[in-house]
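These numbers come from a predicted model, not from an experiment. Numbering of ligands and ligand atoms starts at 1, following listing order. Values below: all heavy atoms of this structure, side chains included; hydrogens, waters and symmetry mates excluded.
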Amino acid sequence: MPRPDTVVILAAGQGTRMKSGAPKVLAPLLGRAMLAWVVDQALALEPKRVLVVVGHGADEVQRAAEGYDSGGRLTFVRQEPQRGTGHALQCCLPALGADPGVVVVLYGDMPLLSRGSLERLVDVHAKTAGGAAMLTATPSDPRGFGRIVRRADDSVERIVEQKDAAPHELSIREVNLGVYAFTGRDLVRHLPHLSNDNAQKEYYLTDVIARLVAEGRRVEALVLEDEHEAIGVNTLVHLAEARAVLQRRVLEEHMLRGVYVEDPATTTIEWGVEIGARTHVQPCTVIRSGVKIGEGCEVGPFAHLRSGTVLADGAAVGNFVETKNSTLGPRAKAKHLAYVGDAELGAKVNIGAGTVFANYDGKAKHKCVVEDGAFVGSGTVLVAPVKVGRGAVTGAGAVVKRGSDIPAGEVWIGVPAKKLDKSGDARNPGR
Ligand code: UD1
Ligand code: CA
């Protein structure tokens, strides 16, 4: 596959229609910002460099974007104020130089485009012999998209924005996805001459396409078949649509690796989660970014695994259990109604129903350690920091005071919990 020289990501817009005040490209999509998905698209094309145009919330967007690329391949260009997509590219001219080679442009609010589609775009561009290529689609609802006006011979003539379109143009079903591969020199030549004589008083990048056609360059439009890739995010309704598509993709990747996701419709698994084969994820479960789950685990129904959770092979987190920043050892279990926060649980630890790791004292978070084979009785509150030794037991309803260190094999009961001398009716820790 030919590689583009430069990818430009447009991410300076405010996104007024989101009604959030925050920069639109930082809207969250499965545990990371929408822009992170677009940066992935750009890097997958292996360009020599990536320019990111920032403007609205520039510092915040730049700081976030830097975190999406460990290789430091992103260069930032400021667009102040934001006068349209064409103006955004105009701001890149100094960075692009006289001959920027092949330039792919991506919009920061199109997070669903697949790598395959973008690669095909670059391929098609290579065949235009110095022309341009763009992605289009024919979605069932062309909401807000620019329409593709074709000539009698079916070749592309221009793109008309919805707000500028005449009634007969509004009925055109083919829309512009805002993804292009340009011959950089043409871009450099045409960008300075764009006008803002249109409904939005903006400089439209789309006008470059009409100018190329007018001077006889070949412009190829590649029509995407999968309508799902064509979701552009302008409102929170669109954000939810995009999330649903991405979620399906993420779940399918896990399923194809042998994770039994029982009910994809009610399961949230964010980006960046590792799950081993033969793990069963039951309905209504939420697994956040960064969680690591081993093989043959059981999760849910109604479990919430938050960041920093690590489950070793065969561990189980069940009904109405929340975990955060905690490790469960091999075959450790917390099956019902528990909060496990900032805890390190050894192998085969059992956390009884209703157990709470009281990790927060109002000022700071503290950690608990529960060693291999320990049995934490139902309704125990462990006021962190606490250590429960190997094979130790707490009785039902025990409140283990802060700083307690329950020695291996001992049984502690009561409020506040104290050592039980005779093993009495408590469970035998030797089991
Ligand atoms: C744009 C296209 C439209 C296409 C649609 C696809 C133009 C003129 N119109 O319209 O044909 O169907 O995208 O999604 O290009 N941005 C900047 N600086 C600006 C303005 C926008 O960086 O001054 C960025 C935004 O952050 C966003 C992207 O460009 O990521 C698109 O901007 P938006 O205002 O959403 O364009 P649309 O009206 O959707
Ligand atoms: Ca848009």
**Q** Step through the shown structure and confirm whether more than 12 heavy atoms of other residues, nucleotides or ligands are within 6.0 Å of CG on Asp197.
**A**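 Atom CG in Asp197 is not packed in, count stays at 12 or less.
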**Q** Which residue holds the protein heavy atom closest to atom 16 (N) of ligand 1, what is that atom called, and what is the gap in Å?
**A** Gly13 N, 3.8 Å
**Q** Is there at least one pair of N or O atoms, one from Gly144 and one from ligand 1, spaced under 3.5 Å apart?
**A**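 N/O-N/O distance below 3.5 Å does not exist for this pair.
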**Q** Considering only heavy atoms of Met110, which atoms of ligand 1 have at least one such atom less than 4.0 Å away?
**A**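 The list of qualifying atoms is 14 (O).
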**Q** Is any side-chain N of the basic residue among Arg32 and Asp40 closer than 4.0 Å to the acidic one's carboxylate O?
**A**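 Counted as a salt bridge, because a side-chain N and a carboxylate O are separated by less than 4.0 Å.
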**Q** May I ask you to identify the nearest protein heavy atom to atom 34 (O) of ligand 1, giving residue, atom name and distance to one decimal place in Å?
**A** Arg17 NH2, 4.1 Å
**Q** Do other residues, nucleotides or ligands put more than 12 heavy atoms under 6.0 Å from the CZ atom of Arg143?
**A**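 Yes, the 6.0 Å shell around CZ holds more than 12 heavy atoms from other groups.
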**Q** Show the atoms of ligand 1 that are less than 4.0 angstrom away from any heavy atom in Glu161.
**A** 2 (C), 3 (C), 7 (C), 8 (C), 9 (N), 10 (O), 11 (O)
**Q** For ligand 1, is any non-hydrogen atom under 4.0 Å from His87's backbone (N, CA, C, O), its side chain (CB onward), both, or neither?
**A**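 Under 4.0 Å from ligand 1, His87 contributes no heavy atoms.
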**Q** Could you tell me the residue and atom name of the protein heavy atom closest to atom 31 (C) of ligand 1, and the distance to it rounded to 0.1 Å?
**A** Tyr107 CD2, 3.6 Å
**Q** Compute the shortest N/O to N/O distance between Gly178 and ligand 1 and return yes if it is under 3.5 Å, no if not.
**A**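 N/O-N/O distance under 3.5 Å: no.
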**Q** Is Gln90 in contact with ligand 1, taking contact as a heavy-atom separation below 4.0 Å?
**A** no
**Q** I'd like to check atom 23 (O) of ligand 1 in this structure: does the protein have a heavy atom lying under 4.0 Å from it?
**A**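 At least one protein heavy atom is under 4.0 Å away.
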**Q** Is any side-chain heavy atom of Val299 closer than 4.5 Å to one of His280?
**A** no
**Q** Do any nitrogen or oxygen atoms of Gly146 come within less than 3.5 Å of a nitrogen or oxygen of ligand 1?
**A** yes
**Q** Which of the atoms in ligand 1, numbered in the order shown and given with their element, are less than 4.0 Å from a heavy-atom of Lys24?
**A**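 It comes down to these atoms of ligand 1: 35 (O).
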**Q** Does any N or O of ligand 1 fall below 3.5 Å from an N or O anywhere on Phe145, backbone included?
**A**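 No, Phe145 has no N/O under 3.5 Å of an N/O on ligand 1.
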**Q** Could you tell me whether Gln79 approaches ligand 1 through its side chain, its backbone, both or neither, with non-hydrogen atoms closer than 4.0 Å?
**A** side chain
**Q** Would you find more than 12 non-hydrogen atoms of other residues, nucleotides or ligands less than 6.0 Å from Lys333 atom NZ?
**A**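 Buried by this count: over 12 neighbours within 6.0 Å.
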**Q** For His228, look at atom NE2 and say whether over 12 heavy atoms of other residues, nucleotides or ligands are found less than 6.0 Å away.
**A**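 12 or below, so no.
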**Q** Near Asn234, which atoms of ligand 1 are under 4.0 Å from a heavy atom of that residue?
**A** 35 (O), 39 (O)
**Q** If a pair satisfies ring pair (Phe, Tyr, Trp, His ring centres under 6.0 Å) and one of its residues is in residues 182-204, list it, with sequence neighbours excluded.
**A** Tyr180-Phe182
**Q** Give the numbers and elements of all ligand 1 atoms closer than 4.0 Å to a heavy atom of Gly108.
**A** 30 (O)
**Q** Identify, by atom number and element, the atoms of ligand 1 in contact range of Thr206, meaning under 4.0 Å from any of its heavy atoms.
**A**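 Close to Thr206: 7 (C), 8 (C), 11 (O), 15 (O).
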**Q** Should the heavy atoms of other residues, nucleotides or ligands under 6.0 Å from CD of Glu215 be counted, would the total exceed 12?
**A**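 Yes, the 6.0 Å shell around CD holds more than 12 heavy atoms from other groups.
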**Q** Using a strict cut-off of 4.0 Å, indicate which atoms of ligand 1 neighbour a heavy atom of Arg83.
**A** 23 (O)
**Q** Name of the Asp109 N, O or S atom nearest the Ca ion (ligand 2)?
**A** OD2
**Q** For a 4.5 angstrom cut-off between non-hydrogen side-chain atoms, does Ile148 reach Val175?
**A**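 A side-chain contact under 4.5 Å is absent here.
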**Q** Determine whether a donor-acceptor pair (N or O, by modelled atom type, separation under 3.5 Å) exists between the side chain of Arg249 and the backbone of Leu112.
**A** yes
**Q** Give the atom numbers and elements of ligand 1 that come within less than 4.0 Å of a heavy atom of Thr85.
**A** 7 (C), 8 (C), 15 (O), 20 (C), 21 (C), 29 (O)
**Q** Is Arg211 atom CZ crowded by more than 12 heavy atoms from other residues, nucleotides or ligands, each under 6.0 Å away?
**A**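 Yes - once you tally the heavy atoms of other residues, nucleotides and ligands closer than 6.0 Å, there are more than 12.
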**Q** Just verifying a value: how many Å separate Lys324 NZ and Leu305 CG, rounded to the nearest 0.5 Å?
**A**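 Spacing of NZ (Lys324) from CG (Leu305) equals 13.0 Å.
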**Q** Between the side chains of Asp99 and Arg185, is the shortest nitrogen-to-carboxylate-oxygen separation below 4.0 Å, so that they form an ion pair?
**A** yes
**Q** Run the contact test for Glu202 against ligand 1 with a 4.0 Å cut-off on heavy atoms, strictly below, and give the result.
**A** no
**Q** Report the member of Val25, Asp109, Val61 with the shortest heavy-atom distance to atom 35 (O) of ligand 1.
**A** Asp109
**Q** Can you tell me if Arg331 has over 12 outside heavy atoms packed within less than 6.0 Å of its CZ?
**A** no
**Q** Below 4.0 Å from any atom of ligand 1, is there a heavy atom belonging to Ala11?
**A** yes
**Q** Ion pair present between Arg278 and Glu295, side-chain N to carboxylate O less than 4.0 angstrom?
**A**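 Glu295 and Arg278: salt-bridged.
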**Q** Tell me which part of Leu177 gets within contact of ligand 1: side chain, backbone, both or neither, using heavy atoms under 4.0 Å.
**A**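 Just the backbone.
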**Q** Got the closest protein heavy atom to atom 29 (O) of ligand 1, with its distance?
**A**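 For atom 29 (O) of ligand 1, the nearest protein heavy atom is Leu10 CB, 3.5 Å.
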**Q** Polar-atom distance check: Val53 versus ligand 1, any N or O pair below 3.5 Å?
**A** no
**Q** Between the Ca ion (ligand 2) and Asn234, is there an N, O or S atom separated by less than 3.0 Å?
**A**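 So Asn234 does bind the Ca ion (ligand 2) by this criterion.
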**Q** Is Lys201 atom NZ crowded by more than 12 heavy atoms from other residues, nucleotides or ligands, each under 6.0 Å away?
**A**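 Yes, enclosed.
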**Q** If you have a sec, work out which protein heavy atom is nearest atom 12 (O) of ligand 1 and how many Å separate them, to one decimal?
**A** Asn176 O, 2.6 Å
